Amino acid sequence: VLAGGGGACDVILPGGPANSVRIIEAAMGQGNQKPRPKWGRHKAFFSRNLMGFRPISPSATQSTYGIAVSAYKGGVDRTLLNAMLLIASETIRANRTLMDVIREMSFTLSSFASAGKFAELMLGQSRRIVLLTEADVTVEALRTLKGAKDRAPFGIIITADRASLRSSHQAELVDKLANFDNIEWVGHNFDFDRLSASARRCRRRMLRVLRQELENALENGEIVLRYQPKVERNAGKEWLTREAEALIRWHHPEHGLIGPLEFLPEAEAFGLMGKLSEFVLREAARQQVTWRNQGIVLNSCINLASSQLNNRDLASTYRDIVKEAGLDCASFTFEVIEQDLADPTAPHLAAIKSLRNHGFRICLDDFRVAAASLGTFEHLPFDEIKIHASALRQAQKATVSMAVLAAVTGLAHSLGMSVCAEGVEDQATFEFLKTIECDKMQGFLISEAVIPSIIRRVYSSKEQTPDSAA
């Protein structure tokens, strides 16, 4: 398979497609993680036709980069790409102070409007902070929290006064909340300092990595990047590979390859996110140069933590890094998760505009139609929007949601923005995206995030134009 021959061959991949990258890395001497005990039989494909930008067309049974995903059923937990979740009710999600804290600490906000949705958000193993108002402190909520206690670490912030809760016949619930170790009370009239201090204390109690460990990892070259290709529709019917998203991993000497959710909260807490972000940009630039020397022209997409948008020198610093590598700023797209778009004059949007003015492309990541303010769409400094996988699933189920998503895609196009879909895992989603004229896509149907040498191996020529492909 790794030799890059045409056609297909049967291979045994421990753990299925989600583990296949680690297996290939181990075979190439670039990984140390032992195969999982679960075995599955899949087909792996490579093509000699992959010249320049041209991938194999997505299908239900093959992946562009040699990893079959047709048997994969579980889906991707998008939180793995972010630092830490903050869960809050719909009644408080628009609170300005809360949004400022979310941005300052690079949280990802998920909201609930029912007990069922809250229970759903508490599933999984990612670390999270739960923000409860007085109205949210219910028997059902306490039952959900108790059930999640042994599943994964979480912190609780109560935006209510304990005495007030006791006087409102909820004394028993207040006593039950005392059984949770990681809990903070900020009261009804919390301000930024009080809420952020409580959030930091909650986060600190969930940290698993020491500052020195993370600093050593950076110095010792243990922080590495994996690249997930994005395909783009050309003027015809073909989908061409022109970008790859740089995704950070920790190649731990004892624990193998660790995902970002296991150490990005620590990077934020220790004030190392700026240093880490610069490393990602430098490494992505270095890889771009390496690929171009091999005849591969791929632009880079990089996730940018919201906390970095407070740095006034961010745009000029990043420009200097890119110029030092001999590249153009237009070769890089920064993906930003920004959930407060109502005020186009806000300082964080000024930082985004500055990056764009230097020539960088900006993508609004994790875009959800329901959370969007279409009235301010035309004022936003974005070149691209990336549709969240949940919005795709909803649009495939409901005619109204599909019409809204198609309208948003059309509006983005009329404003000069491209539209990318993430989490594309099956042929049905691929066909659906064609109907709404989506410009780009990425996901397991196309490829997992892989090491650079695997991307190199599926290109059979140094030709830089798709017209040269056989």
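Because the structure is a prediction, the values reported are computed rather than measured.
A 4.5 Å side-chain heavy-atom check between Leu85 and Ile129 finds every atom pair outside the cut-off. Residues Ile362 and Lys353 are not in side-chain contact: their nearest non-hydrogen atoms beyond the backbone lie 4.5 Å or more apart. Here the side chains of Phe360 and Val322 are in contact, with some heavy-atom distance below 4.5 Å. Counting only heavy atoms from C-beta outward, the side chains of Asn216 and Asn220 approach each other to under 4.5 Å. Residues Leu131 and Leu195 form a side-chain contact, since some pair of their non-hydrogen atoms from C-beta on lies under 4.5 Å apart. With contacts defined as side-chain heavy-atom distances shorter than 4.5 Å, the pair Leu177/Trp185 qualifies. Counting heavy atoms from C-beta outward, Arg361 and Glu243 have side chains that approach closer than 4.5 Å. For the pair Ile352 and Leu349, the minimum side-chain heavy-atom distance is below 4.5 Å.
To the nearest 0.5 angstrom, Ile87 atom CD1 is 5.0 Å from Leu121 atom CG. Atom CZ of residue Arg242 and atom CD of residue Glu232 lie 5.0 Å apart, to the nearest 0.5 angstrom. With rounding to the nearest 0.5 angstrom, the CZ atom of Arg128 is 8.5 Å from the OG atom of Ser110. Interatomic distance, CD1 of Ile321 versus CD of Glu283, reported as 12.5 Å (0.5 Å rounding). Atom CG of Leu98 and atom CG of Asp100 lie 9.0 Å apart (nearest 0.5 Å). Within the model, atoms CE of Met273 and CD of Glu266 stand 10.0 Å from one another, a figure rounded to the nearest 0.5 Å.
Nearest heavy-atom pair across Leu355 and Ala315 is CD2-CA, 3.6 Å. Contact between Gln288 and Ser300 at its shortest, heavy atoms only, is NE2-OG, 3.0 Å. What you find for Gly423 and Ala389 is that their closest heavy atoms are CA-CB, 4.2 Å. For the pair Glu425 and Phe444, the tightest heavy-atom approach, listed with the atom from each and the gap, is CG-CB, 4.2 Å. For Met84 against Arg203, the heavy-atom pair with the smallest separation is CE-CG, 3.8 Å. Across all non-hydrogen atoms, the minimal contact from Val101 to Phe107 is O-CD1, 4.3 Å.
Of the listed residues (Thr138, Leu142, Ile156), just one forms a side-chain contact (heavy atoms from CB on, under 4.5 Å) with Leu132, and that residue is Ile156. The only member of Arg205, Arg200, Arg204 that meets salt bridge (charged side-chain N to carboxylate O under 4.0 Å, His left out) when paired with Glu184 is Arg205. Test Ile337, Asp365, Val336, Val419 against Lys386 for side-chain contact (heavy atoms from CB on, under 4.5 Å) and you get one pass: Asp365.
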Q) salt bridge (charged side-chain N to carboxylate O under 4.0 Å, His left out) between Glu431 and Lys434: does it pass, once the steps are laid out? A) CA-CA 5 Å; Glu431 296 297 334; Lys434 289 196 298 184; 3.0 Å; yes
Q: Begin with the C-alpha distance, continue with both residues' side-chain angles, and end with the deciding distance and a verdict on ring pair (Phe, Tyr, Trp, His ring centres under 6.0 Å) for Tyr318 and Phe332.
A: CA-CA 10 Å; Tyr318 284 6; Phe332 296 85; 9.5 Å; no
**Q.** Verdict with supporting geometry, Glu213 and Arg208, salt bridge (charged side-chain N to carboxylate O under 4.0 Å, His left out)
**A.** CA-CA 10 Å; Glu213 285 184 275; Arg208 303 166 180 164; over 6 Å; no
Q: Show your reasoning for whether side chain to side chain contact (heavy atoms under 4.5 Å, CB included) applies to Lys176 and Leu145.
A: CA-CA 11 Å; Lys176 288 183 177 181; Leu145 291 172; over 6 Å; no
Q: In sequence, state the C-alpha distance, the side-chain angles, and the governing distance for Gln442 and Cys301, and then conclude on side chain to side chain contact (heavy atoms under 4.5 Å, CB included).
A: CA-CA 12 Å; Gln442 69 181 115; Cys301 301; over 6 Å; no
Q. What do the steps show when you test Leu225 against Gln287 for side chain to side chain contact (heavy atoms under 4.5 Å, CB included), and what is the final call?
A. CA-CA 10 Å; Leu225 298 185; Gln287 186 59 56; over 6 Å; no
Q. Yes or no on side chain to side chain contact (heavy atoms under 4.5 Å, CB included) for Arg226 and Ile451, after CA distance, side-chain angles and deciding distance?
A. CA-CA 5 Å; Arg226 297 294 181 259; Ile451 55 178; 3.2 Å; yes
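The 12-atom threshold is exceeded at CG of Asp175, counting heavy atoms of other residues, nucleotides or ligands nearer than 6.0 Å. When the shell of 6.0 Å around CD of Glu437 is examined, it contains 12 or fewer heavy atoms from other residues, nucleotides or ligands. Shown here is Glu215, whose CD atom has more than 12 heavy atoms of other residues, nucleotides or ligands within 6.0 Å. Atom NZ of Lys146 has 12 or fewer neighbouring heavy atoms from other residues, nucleotides or ligands inside a 6.0 Å radius. No more than 12 heavy-atom neighbours from other residues, nucleotides or ligands sit within 6.0 angstrom of CG on Asn189.
Ring planes of Phe118 and Phe112: tilted class, angle from 30 to 60°. Using cut-offs of 30° and 60° on the angle between ring planes, the pair Phe263 and Trp250 is perpendicular.
At a cut-off of 3.5 Å, with distance as the only test, no side-chain donor of Thr333 or Glu384 sits close to an acceptor on the other residue. Side-chain contact annotation: Asn303 with Glu245, donor-acceptor N/O pair under 3.5 Å present. Asp136 and Thr133 share a donor-acceptor pair across their side chains, judged by distance under 3.5 Å alone. Side-chain contact annotation: Asp313 with Ser316, donor-acceptor N/O pair under 3.5 Å absent. Ser277 and Gln308 form no side-chain donor-acceptor contact under 3.5 Å, judged by distance and modelled atom types alone.
Under a 3.5 Å cut-off, the side chain of Arg194 and the backbone N or O of Val186 do form a donor-acceptor pair. A donor-acceptor pair is defined here as one N or O able to donate and one able to accept, closer than 3.5 Å; such a pair exists between the side chain of Thr409 and the backbone of Leu405. Listed for the Arg319 side chain is no donor-acceptor partner under 3.5 Å among the backbone atoms of His358.
Electrostatic pairing of Lys117 and Glu120 counts as a salt bridge here, judged by a charged N lying under 4.0 Å from a carboxylate O.
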